[in-house]
Amino acid sequence: QLQLVESGGGLVQPGGSLRISCVVSGFGLDYYRIAWFRQAPGKEHEGVSCITGSGGSTAYAEPVKGRFTISRDNAKNTVYLQMNSLKPGDTAIYYCAARRLRGSCPERILAIDFGSWGQGTQVTVSS
């Protein structure tokens, strides 16, 4: 099981940008899909984005398409989520999670498919 640590969250104004990071520890990182989820107060985990082990395939939830970009640098053991044009509705705790599986990311990013999770980082979008 991998260890994952998120960082980079904070307070940002609507329309602003933020990049959050997920540092993973373990072997064979290119065998793991990494996904970002978010959880707003009173809501279930929402799949945000997914990237394959080699970074060759990505997937995004409809609310963030065109605004968020996922990437990974396996040499640095890090996955990033660049968030642009942020909205108040993006406010949530953002988690990264890992699944040992190769192949393209699915259209639906489901929390139940991912077994290793980080502790989360808070992103707040407010004036």
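Side chains included, hydrogens not; waters and symmetry mates left out as well; all remaining heavy atoms used. Residue numbers count from 1 along this sequence. It should be emphasised that the depicted structure is a prediction, and the values quoted were computed from it without experimental measurement.
The main-chain N or O of C96 is found under 3.5 Å from a side-chain atom of E6 such that the two form a donor-acceptor pair. Within the 3.5 Å criterion, the main-chain N or O of G9 finds a donor-acceptor partner in the side chain of T121. Although no hydrogens or angles enter the test, the distance criterion places no donor-acceptor pair under 3.5 Å between the side chain of S57 and the main chain of T52. Between the side chain of S126 and the backbone N or O of T124 there is no donor-acceptor pair closer than 3.5 Å.
Residue P63 comes nearest to R67 through the heavy atom pair O-NH2, 2.9 Å, listed as atom of the first residue, atom of the second, then distance. Across every non-hydrogen atom of L2 and L4, the tightest pair is O-CD1, 3.8 Å. Between A35 and I109, the closest heavy-atom pair is CB-CG2, 3.9 Å. Closest of all the heavy-atom pairs between C105 and A59 is CB-CB, 3.9 Å. Among all heavy-atom pairs drawn from M83 and I20, the shortest one is CE-CG2, 3.9 Å. H45 and A111 get closest at one heavy-atom pair: CB-CB, 4.3 Å.
Taking hydrophobic clusters as Ile, Leu, Val, Met, Phe, Trp and Tyr residues chained together by side-chain heavy-atom distances below 4.5 Å, L81 shares a cluster with V24. Residues I70 and V64 fall within the same hydrophobic cluster, defined by Ile, Leu, Val, Met, Phe, Trp and Tyr side chains chained together at heavy-atom separations under 4.5 Å. Hydrophobic cluster membership is shared by Y60 and V48, with clusters built from Ile, Leu, Val, Met, Phe, Trp and Tyr side chains linked at under 4.5 angstrom. If you chain together hydrophobic residues whose side chains sit under 4.5 Å apart, F68 and V12 fall into the same group.
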query = Is there a side-chain contact (heavy atoms from CB on, under 4.5 Å) between Q119 and V5 once you walk through the steps?
reply = CA-CA 6 Å; Q119 84 290 346; V5 180; 3.9 Å; yes
* Pair R99-I34, side-chain contact (heavy atoms from CB on, under 4.5 Å): steps then yes or no -> CA-CA 7 Å; R99 183 185 186 185; I34 305 294; over 6 Å; no
Going through the distances and angles, do L86 and L18 end up as a side-chain contact (heavy atoms from CB on, under 4.5 Å)? CA-CA 8 Å; L86 283 162; L18 199 64; 4.0 Å; yes
Taking it one step at a time, do N77 and L29 satisfy side-chain contact (heavy atoms from CB on, under 4.5 Å)? CA-CA 7 Å; N77 301 323; L29 300 181; 2.8 Å; yes
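Counting heavy atoms from C-beta on, the side chains of R38 and Y95 never come closer than 4.5 Å.
Within the structure, side-chain hydrogen bond (donor to acceptor under 3.5 Å, both in side chains) pairs that include any residue of residues 17-36 comprise S17-N84 (at least two apart or interchain).
In this structure, R100 CZ and S116 OG are separated by 11.5 Å, a value rounded to the nearest 0.5 Å. Note: S54 OG to R72 CZ = 7.5 Å, rounded to the nearest 0.5 Å.
Taking the six-membered ring where tryptophan is involved, the planes of F37 and F114 are perpendicular, since the angle between them exceeds 60° and thus also 30°.
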